[in-house]
Amino acid sequence: MKANLPEAEPRQLEDWNQKRLYDRILASREGAPLYILHDGPPYPTGEIHLGTALNKILKDMVVRSKTMAGFRAPYIPGWDCHGLPIETQVEKELGRKGAVEPAEFRRLCRKFASRYVEAHIRDFQRLGVFGQWDAPYLTMDFDFEARIAGAFLEFQEKGYVYRGKKPVYWCLHDRTALAEAEVEYDEHVSPSIWVRYEVIQAPIDPQRRGRFYALIWTTTPWTLPASLALAFHPDFKYVAAEDAEGNVYLLAEDRLEPFMAETGVQLTRRAERIEGRKFEGARFHHPFLDREIAGVLADYVTLDQGTGIVHTAPGHGAEDFYTGQKYGLEAYAPIDDEGRFTEGLDDYRGKTVFEANPLILDLLRRRGALVASSKLSHSYPHCWRCHNPVIFRATEQWFVNMEHRDLRRKAIENADGVQWIPDWGRDRIESMIRTRPDWCLSRQRMWGTPIVVFYCDECGKRLEDFAALKHVLDWFRREGADAWFARSAEELLPAGTRCSCGAGRWRKENDILDVWFDSGSTHLVVLDYRDAYHRFPADIYLEGPDQFRGWFQSSLLVGVGLRERSPYRSVLTYGWALDADGRPMSKSLGNVILPSEICQKWGADLLRLWVASQDYHADLRMSDRMMTQLAEAYRKLRNTFRWALGNLGDFNPERDAVADADLWEFDRWMLSRTAELAERSRGWYDKFEFQRVFHAVQDFAVVDLSAFYFDILKDRMYTFAPASAGRRSAQTAVWRIAHALVRLVAPFLVFTAEEVWKYLPHRSGDPESVHMARFPAADEFGAPLDERLGANWNRLLVLRERVLRALEAARNEKLIAGSLEAKVRLGASDGWRELLEAYRASLPALLQVSQVEVAPMRPGDGDGSAAHDGLEIEVQRAEGAKCERCWNYSLAVGTFTEYPTVCERCFAALGEIVQAAGESGKSGR
RNA sequence: GGGCCUGUAGCUCAGUUGGUUAGAGCGCACCCCUGAUAAGGGUGAGGUCGACUGUUCGACUCAGUCCAGGCCCA
């Protein structure tokens, strides 16, 4: 029974798979209450990393502990198959974008995802995770795509969905929207200009000879035609400063000096000083257009650069856009796909934005709005494909209105009813929902669920006949969402679907859904449409802290939006997997440790122990040192089991177990303590506090069993007659303890527990796998030991500790070596006397010495060396000779002619053995 | 920069409603055993409880500030 987990575990997996153990575990819980952990779908790319393994192992431990607590707890793993990362991988394999038709491109994406799903399944199984691996859910399943598209239609039908504008990264060269991940930053030289906006109305009106201006700074002159507001920081102080001509400028107090230093413009500061927040609602003149500009407030205004006043173009910046939303400003972006101005002054209309930069500079100069200008080299986003600088451009997108039908308020209310573990999760999700903008659902991509919208070819109106629209879902169910790309609008819609204008030709929407909408909809399918385990809401969602913004939120919004309630009853979150120094693992840092490496070097049970040993609510660290430490802990636990199994070789619980009443009191005491451990562990499993179970079990195995109980039992196990009442009592206790302990560790040490279970003697009712068993129940350990008797043993434990210290002292003085060479004289005062007399017969075994003498305390002996608290301990050499058989010393050794080298206990034991051999006709030990 | 979280011996984890010299296991040092032996047992040394400032008769435990690290945003 050597460990060698990396080799043994795969064999065990093979065996489990052949037996279809997962199915049989569920079958064994037929009729039991359901407990549903709904799996958050990972993204199928690359090899699983430590965080993914942590995720799956925790889920597995929850599912297993619930199963062992008596629930029917199926686990249906899933994958989030659509999305940009796969598209870019496939594009990389193809060599370029747009190399194949959309339908073919999607086929390749599907294939790519399938490939990695299969790799993941192997990886996850290797970790010992049990689940429905032969029927996982995939968001790219035809049925799934139909359900997701259907959910979008339902959102639309309920009136949540609207079309609005939002700025996205846009590449002028490729004429396409770019995702965050497709943008890379590079040095770029931009104009750096200071522009003045004349004040129409502001909270101050300084006396001046000239005019009154607000001063702004920008590196994108071309965004000025779309300038709709000036943003002030509510907490900054703003001042007025006068130039040589008597014009007065408004800017942040802390930016006055830097401005003069950078531009050489001389200004004289005036007395006025005013808080930024007062400028909300102020009004300004656009520098060259006939437009009034609003004063607004924004937290992102900084004092690092510029003037502390930010020109805001909601159509050309992410922050500007949110500010615009807040103040009801349009995401105005008067440029086309090539970046050419579609309206505005002749100076720049028809030019691209980069061509327009110098032209607008000229324009500003002519209008007298340019205060200063220079150049600035800074980090600027570029297209990762063509390496040209990109811009922010507002485009038409689909949104979910957070206020419609009180979605935001209801989501917060429902989140409040969820049990968040740890409970700060509630505050975190609530504050996020409270401040989040409308949900932008659309993506200008191909590999995803299409947004099912048709426009009339004639009048451009949207089709709103939902019965007809739902017809499309049938196509999806048959052919997958690929049908959207492979079939014409007329094929997809029922024959003769007409617009209210009378036309019958339609144009399909090109956008696809945000993948968060896919994953946010998983509960609609997995919790509902898999009839066998119908349970809505799920009992638990379990993911990392990044999912407060991700899956927890998207699932909640879909659940509340369509079902009026949260799809989960409780949410358990864990921390991040970090390296030994507490830094996140990354390729660039070169500190990545992969689960496959751990499995190969240490075994999956060790990786699971890594999870079980730490408080996962905070971040978890991984290091070689920790793995070494866990391996030591594992070996100790394993050897403890091994000793128990080795001593149960001739024990059949149904034939040899001793009745409760006949168990030795010492054994009953240890069983009581095991019962307590089991009881506490069940409570900890219930609260998902796995590390408490691990530490308590480890402590128990090391301290109570290995160093104490089992060590003491060796005498009984090795020297008593095999079938003697005393030895059978010990075996009964050891069997019950091992039987209980193996089930307590089964949720984390899945392979090792099964191995122990295999070698453990069983009763006829025991299941064949430890993973079908239930946690030890209170009544498995016999009647609990009387409290008074338990107290006696706790005192005897104190006695033992003190005797061990005295023995150590004797060892150092070379009086004895092994403890059996000792005789201990206990001088006891009244407090101890009664107890020691009562347990006198048990003392040599308990103290692991050959002889114990209990005597009154020596009067007047108070030197304090070994005597205190009414107990005096004196170590002497044991009397008599060493028994060859049991190694105890006894005066009786040599007195038995039949067995001259043996003590009186062994003489008796040998007699029993001979007698038993005679009765059964077989030999003894 | 903002929201949330974490910070107890070298490592992992306990520390009950604030109350006597802060506990455990591992590791380490030294010793013993050789019938769990690529084992087993014993003894012992390790902590200004992230830092500082308050509240209190008394704070690892309460409050505030800061530092370090993490997640998500900007």
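Heavy atoms only: backbone and side chains are in, while hydrogens, waters and symmetry mates are out. Convention: sequence-line order gives letters A, B, ...; per-chain numbering from 1.
- Contact check, A:Tyr718 against B:A36: a side-chain N or O comes under 4.0 Å of OP1 or OP2.
- Between A:Arg635 and the phosphate of B:U37, there is no side-chain N or O to OP1/OP2 separation shorter than 4.0 Å.
- Between A:Arg680 and A:Glu689 no salt bridge is recorded (no basic side-chain N to carboxylate O distance below 4.0 Å).
- Centroid-to-centroid, the aromatic rings of A:Phe690 and A:Tyr574 stay 6.0 Å apart or farther.
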inquiry  = What verdict does the side-chain hydrogen bond (donor to acceptor under 3.5 Å, both in side chains) test give for A:Arg436 and A:Gln553, after you've listed the backbone C-alpha separation in whole Å, the side-chain angles of each residue and the deciding distance to 0.1 Å?
reply    = CA-CA 10 Å; A:Arg436 69 159 294 154; A:Gln553 207 177 129; 2.9 Å; yes

key: Watson-Crick and G-U pairing of RNA chain B, under 3.5 Å, as dot-bracket with | and [ ]   = (((((((..((((.....[...)))).(((((.......))))).....(((((..]....)))))))))))).

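- OP1 or OP2 of B:A14 has at least one side-chain nitrogen or oxygen of A:Gln691 nearer than 4.0 Å.
- Nucleic acid contact class of A:Thr640 (heavy atoms, under 4.0 Å, all strands): base.
- At a cut-off of 3.5 Å, with distance as the only test, a side-chain donor of A:Glu884 or A:Thr901 sits close to an acceptor on the other residue.
- Look at the P atom in both B:G47 and B:C11: the space between them is 13 Å, to the nearest Å.
- Counting only heavy atoms from C-beta outward, the side chains of A:Val400 and A:Leu557 never approach each other to under 4.5 Å.
- You'll find the ring centres of A:Phe517 and A:Trp439 inside the 6.0 Å limit.
- In the set B:G70, B:A36, B:C31, B:C31 carries the atom at the smallest distance from any side-chain atom of A:Asn812.
- Heavy atoms of A:Ser819 sit nowhere under 4.0 angstrom from any nucleic acid atom.
- Among the heavy atoms of the strands lying under 4.0 Å from A:Gly582 are primed sugar atoms or P, OP1, OP2 only; no base atom is included.
- Rounded to a whole Å, the CG atom of A:Leu807 is 13 Å from the C1' atom of B:C31.
- Picking from B:U37, B:G42, B:G40 the nucleotide with the shortest atom distance to the side chain of A:Arg800 gives B:G42.
- Considering only side-chain atoms of A:Val702, the nucleotide from B:G25, B:G70, B:A74 that sits closest is B:G25.
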request  = Report the C-alpha distance between A:Tyr759 and A:Phe651 in whole Å, list the side-chain angles of each, state the deciding distance to 0.1 Å, and finish with yes or no for ring pair (Phe, Tyr, Trp, His ring centres under 6.0 Å).
outcome  = CA-CA 12 Å; A:Tyr759 287 98; A:Phe651 181 77; over 10 Å; no

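- Because its glycosidic torsion is within 90° of 0, B:G46 is reported here as syn.
- Residue-level contact check: A:Asp615 touches the backbone only, with heavy atoms under 4.0 Å from sugar-phosphate atoms and none from bases.
- Checking the phosphate oxygens (OP1, OP2) of B:C71, a side-chain nitrogen or oxygen of A:Trp576 falls inside 4.0 Å.
- Rounded to an integer number of Å, the gap from A:Glu808 CD to B:G44 C1' is 9 Å.
- Salt-bridge annotation for A:Asp667 and A:Arg728: absent, with no side-chain N of the basic residue lying under 4.0 Å from a carboxylate O of the acidic one.
- In this entry the distance linking CZ of A:Arg811 with C1' of B:G41 reads 8 Å, nearest Å.
- Remark: C1' of B:G3 and CD of A:Glu430 are 14 Å apart, rounded to the nearest angstrom.
- Note on A:Gln629: a base of the nucleic acid sits closer than 4.0 angstrom, heavy atoms only.
- Heavy-atom distances to RNA chain B give each of A:Glu884 and A:Arg692 a nearest nucleotide, and the one nearer the 5′ end belongs to A:Arg692.
- Aromatic rings from A:His311 and A:Trp217 are positioned such that their centres are separated by 6.0 Å or more.
- Contacts of A:Lys714 with the nucleic acid, taken as non-hydrogen atoms under 4.0 Å apart, include base atoms.
- Set against B:G25, B:U34, B:G40, the side chain of A:Lys882 has B:U34 as its closest nucleotide.
- Nearest nucleotide to the A:Lys636 side chain, out of B:G41, B:U12, B:G3: B:G41.
- A:Asp619 comes within 4.0 angstrom of sugar-phosphate atoms only, judged by non-hydrogen atoms across all strands, and of no base.
- The residue A:Ala817 sits close only to the backbone: its heavy atoms come under 4.0 Å of sugar-phosphate atoms, none of a base.
- Whole-Å rounding puts the A:Arg680 CZ to B:U16 C1' distance at 14 Å.
- Rounded to an integer number of Å, the gap from CH2 of A:Trp887 to P of B:G40 is 16 Å.
- Going from the C1' atom of B:G54 to that of B:G18 covers 15 Å, rounded to whole Å.
- Under the 4.0 Å criterion applied to side-chain N and carboxylate O atoms, A:Arg621 and A:Asp579 are not assigned as salt-bridge partners.
- Under 4.0 angstrom from either OP1 or OP2 of B:C32 there lies at least one side-chain N or O belonging to A:Lys814.
- Checked by atom type, the side-chain pair A:Asn55/A:Glu543 shows a donor-acceptor distance below 3.5 Å.
- Atom P of B:U12 sits at a distance of 12 Å from the matching atom of B:G7, rounded to the whole Å.
- B:U55 sits 32 Å from B:G10 when the P atoms are compared, rounded to a whole Å.
- A centroid separation of 6.0 Å or more is found between the aromatic rings of A:Phe392 and A:Phe321.
- Nucleic acid contact for A:Gln848: none, since no nucleic acid atom lies under 4.0 Å from a heavy atom of the residue.
- The distance between atom CD1 of A:Ile429 and atom P of B:G3, rounded to the nearest whole Å, is 18 Å.
- Annotation: A:Arg583, atom CZ; neighbour count of heavy atoms from other residues, nucleotides and ligands within 6.0 Å does not exceed 12.
- Taking the side chain to side chain contact (heavy atoms under 4.5 Å, CB included) definition, one finds that A:Pro85 meets it with A:Tyr43, sequence neighbours left out.
- Atom name P, nucleotides B:A51 and B:C30: the rounded distance is 32 Å, in whole Å.
- For A:Pro584, the side-chain atoms get nearest to B:C71 when compared with the rest of B:C71, B:G25, B:C5.
- To the nearest whole angstrom, the two C1' atoms, one in B:U20 and one in B:C13, are 25 Å apart.
- Across B:A36, B:U12, B:G41, the shortest atom-to-atom separation from the side chain of A:Ser613 is found for B:U12.
- For the P atom pair drawn from B:G42 and B:C26, the interatomic distance equals 9 Å after rounding to whole Å.
- Atom OH of A:Tyr634 and atom P of B:A39 are 13 Å apart (whole Å).
- Within residues 543-552 of chain A, the residues that place at least one heavy atom under 4.0 Å from RNA chain B are, in residue-number order, A:Pro545, A:Asp546, A:Arg549.
- When the C1' atom is compared between B:G19 and B:U65, the two are found 27 Å apart, to the nearest whole Å.
- Distances were taken from every side-chain heavy atom of A:Trp424 (C-beta onward) to each of B:U43, B:C5, B:G41; the shortest belongs to B:C5.
- Out of B:G41, B:A24, B:U37, the shortest distance to the side chain of A:Asp699 is found at B:A24.
- Closest to the side chain of A:Arg428, out of B:G15, B:G40, B:C72, is B:C72.
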